[in-house]
Amino acid sequence: MTVVRISDDAAAIACGANPVVAAFVAAGCTVERVSSWGMHWLEPLAEINGMGFGPLTPDDVAAVLAGTSDKAIGAVAEHPFIARQQRFTFARAGRTRPLSLDDYAATGGWAGLKRARELGGEATIAEVTQSGLRGRGGAGFPAGIKWTTVAKAAGPVKYIVCNADEGDSATFADRMVMEGDPFMLIEGMAIAGHAVGAGKGYIYVRSEYPHAIAKLNAAIALAVPHIAPFEVEVRVGAGAYVCGEETSLLNSLEGKRGEVRAKPPLPALEGLFGKPTVVNNVLTLAAVPWILANGGQAYADVGFGRSRGTMPIQLAGNIKHGGLFEVGFGITLGELVNEIGGGTASGRPVRAVQVGGPLGAYHPPADFHLPFDYEAFAAADGLIGHAGLTVFDETADMSAQARFAMSFCAAESCGKCTPCRIGSTRGVELIDRIRARTGRAADKVEALPQMHNARKAPRTLAEDVTLLEDLCETMKFGSLCALGGFTPYPVLSALRHWPEDFGMGAPEQEAAE
Amino acid sequence: MTDQDELDGILAGHAGREGALLPILHDVQAAFGHVSEGAIRHIAQALNLTRAEVHGVVSFYHDFREEPEARPVLKLCRAESCQARGVEALVAALPDNPRVAVETVYCLGLCSVGPAAMVGHEVHGRLDAARLGALVESLA
């Protein structure tokens with residue numbers, strides 16, 4: 001009997017995988033639901049004896065089985081998109097059934113936890129420190145240092161919190177881990193718990209990910225004998241983007257409004273319910289089993305500069321070959337967009353690439369030489385964040401994207417600090433005025449004779465742009481967390497590289513290429 | 001079983017759980033379609049919180065409603081990646097259908113196969129004007 005492997009990842013299902021599965025079953029095949037290879041432009045992708053076919057519709061099934069399908073892509077594992085990757089975290093992607101303990105154990109599962117138990121807590125943290133693993137949520141803080149702080153904190157009750165509130169547009173790697181390889185994340189949390197002396201772990205998942213929530217709950221129930229006495233529980237968010245910020249997430253877990261906390265105290269010392277807490281992103285914790293199983297040095301041997309190991313990069317937006325591409329740090333932005341991503345899906349030239357989600361900068365093609373590395377992007381007034389890339393073609397209106405960044409911040413601000421809460425709303429109004437080229441005349445109050453210091457002359461476009469830059473400075477340095485603090489990145493980068501979209505003069509030489 | 005009994009059942013199911021308010025509100029929303037003023041009062045009493053505290057939490061999160069939504073809800077992603085794939089043109093061309101509530105959501109994690117939408121727990125990708133229109137029609 002023919003065995004057909006088709007993903008049950010949400011991206012595959014959204015593209016119509018389930019009707020394709022039904023068609024294969026009706027044709028007498030056995031269908032195994034596996035994780036996704038990450039080649040999303042080929043979903044639904046069917047794999048038969050290692051050979052791939054996609055993207056399929058139910059109508060293609062007869063031709064696939066007859067061997068006459070024009071959607072054959074050859075051996076899946078040798079596809080150039082897969083062959084060019086270095087898959088550590090996504091080593092099992094496409095190869096195993098997400099909820100099969102047998103598949104997990106047969107592909108090296110639990111080896112990291114076993115080694116951590118043999119090594120003991122201190123040596124486990126030493127391995128993570130040696131690996132150079134940095135927080136994959138965006139901040140890039142060294143995981144080993146965070147774990148050391150929690151391990152040394154006093155107190156019998158400590159927590160491991162997995163930040164799975166993956167709200168950035170262009171990111172889906174966390175979702176793919178949770179849906180495709182949930183045991184790996186659970187193992188990573190158990191290793192962290194063992195290392196720092198925590199008995200309980202929470203996974204805070206956004207409510208927009210029902211498939212991931214279901215998979216995690218099923219996987220946790222199956223994994224209990226492997227991770228005991230460590231316990232893991234899933235908690236579901238409620239549609240607040242700001243809860244991806246770690247202190248806001250902790251408040252939400254405690255059952256409060258997801259408002260940001262001032263730091264210090266650090267969550268590592270006073271985190272969930274005031275107890276020492278490790279808060280790590282899904283990808284950080286998911287990298288840990290590999291590091292423990294293969295040694296910290298093996299992980300550190302890959303990478304670029306101070307960014308060690310691999311990064312699961314997500315190619316999204318208007319891109320021909322969208323999906324998940326895990327590779328060592330150091331690959332250039334241009335290679336990712338043009339060579340691996342194949343340029344835009346629309347076939348038009350690339351105008352802008354937003355790197356790092358809604359709070360990341362827009363980069364013009366002139367930045368395509370930048371190596372994927374925390375420091376290199378910071379030096380170019382950008383950030384890699386959670387490593388999501390959104391590609392825009394030449395039809396994009398960059399002042400509209402800048403406006404969206406401000407309006408998104410206004411919609412999602414927790415309201416605790418003024419620069420973010422008020423600044424974002426003023427930013428939307430200001431960009432609207434710049435886009436309408438109306439300038440701003442003195443209002444009724446400002447025009448009153450007793451308002452001696454109020455300006456009477458209308459503000460020009462150039463003055464409005466200066467004001468916008470000034471507002472961005474205030475938000476950047478005055479906000480409590482990255483939501484208000486990083487919203488200026490997309491706004492200022494759009495303004496700097498595409499001033500013509502704001503009614504200003506031609507772009508600077510560096511942006512013109 | 002009355003609504004009161006059902007609410008008591010939900011509260012009892014979460015008794016002793018740390019930080020239980022969000023899981024409780026999710027259950028209440030799932031059971032009744034919204035979190036009513038009366039439910040807020042009852043939850044506050046059971047958790048020894050003030051009504052203001054519970055109301056503050058309910059109103060903070062986009063997922064919780066204080067008024068029921070009778071119509072079927074389609075959540076359409078309008079974040080950057082779906083914008084880059086043309087969602088705004090779909091929104092502009094979407095015929096008004098008073099029997100379906102089309103809500104905006106920021107990111108469903110389907111950024112490589114957008115524009116994307118979700119109905120209940122059912123996900124839809126690669127939407128074009130025709131497919132989105134048909135999806136809305138199917139809910140009406």
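Below, each value reflects all heavy atoms present in this structure, side chains not excepted, and no hydrogens, waters or symmetry copies. Residue numbering restarts at 1 for every chain, and letters A, B, ... go by the order of the sequence lines.
Contact between B:Ala79 and A:Phe404 at its shortest, heavy atoms only, is CA-CZ, 4.2 Å. The two residues A:Tyr209 and B:Leu108 come nearest to each other via the heavy atoms CE2-O, 3.4 Å. Residues B:Leu22 and A:Tyr204 come closest through the heavy atom pair CD2-OH, 4.3 Å. In this structure, B:Asp63 and A:Gly237 approach most closely via the heavy-atom pair OD2-O, 3.9 Å. Heavy-atom minimum distance, A:Arg206 versus B:Gly109: NH1-N, 4.4 Å.
Defined by atom type and a distance below 3.5 Å, a donor-acceptor pair is missing between the side-chain atoms of B:Tyr61 and A:Ser207.
Between A:Asp397 atom CG and B:Gln83 atom CD the span is 11.0 Å, to the nearest 0.5 Å. The line from SG of B:Cys111 to CG of A:Leu315 is 11.5 Å long, rounded to the nearest 0.5 Å.
Taking A:Gly322, A:Gly255, A:Gly357, A:Ser169 one by one and counting their heavy-atom pairs under 4.5 Å with chain B, the maximum is reached by A:Ser169. Of the listed residues (A:Gly258, A:Ala240, A:Ala170, A:Ala173), the greatest number of heavy-atom pairs within a distance under 4.5 Å of chain B belongs to A:Gly258. Interface check for chain B: of the options A:Met176, A:Gln401, A:Glu166, the most heavy-atom pairs under 4.5 Å are formed by A:Gln401. Heavy-atom pairs under 4.5 Å with chain A were tallied for B:Glu122, B:Arg78, B:His124, B:Lys75; the largest tally goes to B:His124. The greatest number of non-hydrogen atom pairs below 4.5 Å with chain B, out of A:Val236, A:Ile13, A:Leu253, A:Thr395, is found for A:Val236.
Only the side chain of B:His26 has a heavy atom closer than 4.5 Å to any heavy atom of chain A. Residue contact with chain B, scored on non-hydrogen atoms closer than 4.5 Å, is absent for A:Asp9. Both the backbone and the side chain of A:Ser252 come within contact range of chain B, judged by heavy atoms closer than 4.5 Å. Interface residue B:Val57: backbone and side-chain heavy atoms are both found under 4.5 Å from chain A. Interface remark: A:Ala10 contributes backbone and side-chain atoms alike to the contact with chain B (heavy atom separation under 4.5 Å). If you measure heavy-atom distances from A:Gln354 to chain B, the contacts under 4.5 Å come from the side chain alone. Both the backbone and the side chain of A:Cys414 come within contact range of chain B, with heavy atoms under 4.5 Å apart. When heavy atoms are compared at a cutoff of 4.5 Å, A:Val242 approaches chain B solely by way of its side chain, counted from C-beta outward.
You'll find the side chain of B:Glu80 reaches within 4.5 Å of the side chain of A:Tyr362, heavy atoms only. At a threshold of 4.5 Å between non-hydrogen side-chain atoms, the residues B:His62 and A:Glu412 count as touching. Using a 4.5 Å heavy-atom cutoff, the side chains of A:Arg257 and B:Ser59 are in contact. Contact of the B:Ser112 side chain with the A:Phe172 side chain is registered, since non-hydrogen atoms from C-beta on lie closer than 4.5 Å. Side-chain contact between A:His211 and B:Val123: present, with at least one pair of heavy atoms (C-beta onward) separated by less than 4.5 Å. Proximity of A:Glu208 to B:Cys107: side-chain heavy atoms (C-beta onward) are nowhere separated by under 4.5 Å. Taking the side chain as every heavy atom from C-beta outward, B:Leu110 and A:Arg175 approach each other to under 4.5 Å. B:Arg17 is listed as a side-chain neighbour of A:Glu233, based on a closest heavy-atom distance under 4.5 Å.
At distances below 3.5 Å, not a single donor-acceptor pair connects side-chain atoms of A:Arg235 with backbone N or O atoms of B:Ala20. With hydrogens and angles disregarded, a donor-acceptor distance shorter than 3.5 Å links the side chain of B:Arg85 to the backbone of A:Gly317.
A salt bridge is defined here as a Lys NZ or Arg NE, NH1 or NH2 lying under 4.0 Å from an Asp or Glu carboxylate O, and B:Glu18 with A:Lys200 fails to meet this definition.
Annotation for A:Arg348: atom CZ does not count as buried by contact number, only 12 or fewer foreign heavy atoms lying within 6.0 Å. Around CZ of B:Arg99, the count of heavy atoms belonging to other residues, nucleotides or ligands within 6.0 Å does not exceed 12. Other residues, nucleotides and ligands place no more than 12 heavy atoms under 6.0 Å from the CD atom of B:Gln45.
Not less than 6.0 angstrom separates the ring centroid of B:Tyr106 from the ring centroid of A:Tyr241.
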